[in-house]
There are 2 protein chains.
Amino acid sequence: MAVDSEQVLRSAAALLTRKSTATMDEVAKAAGISRATLHRHFAGRDALVRALESLGIAECEAALDAARTEEGPAADAVRRLVRAMEPSAALLALLYTENQLFEGEEQNEGWARIDAGLTALFRRGQESGEFRIDLTPAWLTEALYGLLASGAWAVAEGRVARNDFTHMIVELLLGGALRREEP
Amino acid sequence: MAVDSEQVLRSAAALLTRKSTATMDEVAKAAGISRATLHRHFAGRDALVRALESLGIAECEAALDAARTEEGPAADAVRRLVRAMEPSAALLALLYTENQLFEGEEQNEGWARIDAGLTALFRRGQESGEFRIDLTPAWLTEALYGLLASGAWAVAEGRVARNDFTHMIVELLLGGALRREEP
DNA sequence: CCGGAGTGAGACAAAGTTGTCTCATGTGGG
DNA sequence: CCCACATGAGACAACTTTGTCTCACTCCGG
């Protein structure tokens, strides 16, 4: 029967998140298919990683759209965004730490669009007075990626309850990004 | 002349932070030595990675000691700690994402001691009323690691000024960890 | 000046990974 | 029922990386 390529990608992401140097054979076994079939769907390791990147970008952009980051208070938009990104967190953690993606060649333009969307959200929050201005939008974007990765990792290791994922990230990130009330 | 092993480790850390799959030959070239000499100092790739881990643990413990995390307000202790950890951030980022270290075998006990020290600090801050209690010490510890890694990465990529490193991390982390003033 | 220690360069086999191919199976649709 | 198609299993060569070894060179101290 036909193999579900996206299913294969998801199991590959789950495995590579734990062991980034996993063999094509290990990836295939984790997906419950043979190495030959894996190779029929993804020409090689590069193609597999690039497919994972495309999937991650697609999910990120979908989350950005679903969160309607340009509507309402920026803080609420961040909450919606993190909630929307939660299912993709493990995949994002993999891609975020897979620095070899940016090895030499130009990075996928999708990331630039996503970065722009995130940066714009944080900048909007600053301009509306919700967020403090001493933390740059670029840093807040980077920190969001880092916290998503840390959260996914902590959940996978059992150090944080899965249900607390969004709360932990949003509260830590916003607590820092939200301007303090005057004492 | 005798090769400085620690110097080799530092350049290896810098390279592996950018490209975690770098070859022993690449590591040697980055250190300005031959592969043969690299092999004389570190029996193999495993030994090299384990030496990097030991160096990271030693620097972390030194930072924990230097920051005197049990003295004064917990928030100030966190500030001192991040400042003390800044020089080790790139190495920590490498080790944090090098999940293959924990592949199967038991992890180095040093990490347990460091985790305990960090967790105790955050717990102390909670008990003194400085930090909010809805973010668990385990998560704050994880988030600290993640932000250190993100910060090191952002600085390396030029997205954050090196001088802002400590400020960005401390302000974001503490802003979330510090209990809000009553409105 | 000389000897030894440390190094660089390169050769070499062993091991692992990858990409490709073939062949048998079995499964679903016509 | 039967055929086409996707798959699983395995073989195979090519490539990369690794670990080891040898040899020549250099530099420093005695």
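Every chain is numbered from 1 and lettered A, B, ... according to where its sequence line falls, protein lines coming before strand lines.
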In whole Å, what is the span from the CG atom of B:Leu48 to the P atom of D:dT18?
10 Å

B:Asp46 CG to C:dA15 P, in whole Å, measures 16 Å

Between D:dT18 atom C1' and B:Leu38 atom CG, what is the distance in whole Å?
12 Å

Nearest-Å distance for atom pair CG/P, residues A:Asp25 and D:dA11:
13 Å

Could you give the NE2-to-P distance, from A:His41 to C:dG19, as a whole number of Å?
16 Å

Can A:Tyr96 and B:Ser150 be counted as having a side-chain donor-acceptor contact under 3.5 angstrom?
yes

Starting the side chain at C-beta, find the nucleotide from C:dG8, C:dT18, D:dG19 nearest to B:Ala36.
C:dG8

Between D:dT17 (P) and A:Arg45 (CZ): distance, integer Å:
13 Å

Is a side-chain N or O of A:Ser20 found less than 3.5 angstrom from the main chain of A:Leu16, in a donor-acceptor match?
no

Candidates C:dT18, C:dG8, D:dT18 - which lies nearest the side chain of A:Met24:
C:dT18

Using side-chain heavy atoms (C-beta onward) and a distance below 4.5 Å, is A:Trp139 in contact with B:Leu147?
yes

Polar side-chain contact B:Arg40-C:dG8 base: donor and acceptor under 3.5 Å
yes

Minimum-distance nucleotide (side-chain atoms of A:His39 versus C:dT18, D:dT18, C:dG19)
C:dG19

Classify the angle between the aromatic ring planes of B:Phe131 and B:Phe122 as parallel (below 30°), tilted (30 to 60°) or perpendicular (above 60°).
tilted

Nucleotide of C:dG8, D:dT20, D:dG8 approaching B:Arg35 most closely (side-chain heavy atoms)
D:dT20

Whole Å only: how far is the NZ atom of A:Lys29 from the P atom of D:dG8?
11 Å

Below the 4.0 Å mark, does C:dG8 have OP1 or OP2 next to a side-chain nitrogen or oxygen of B:Ser34?
yes

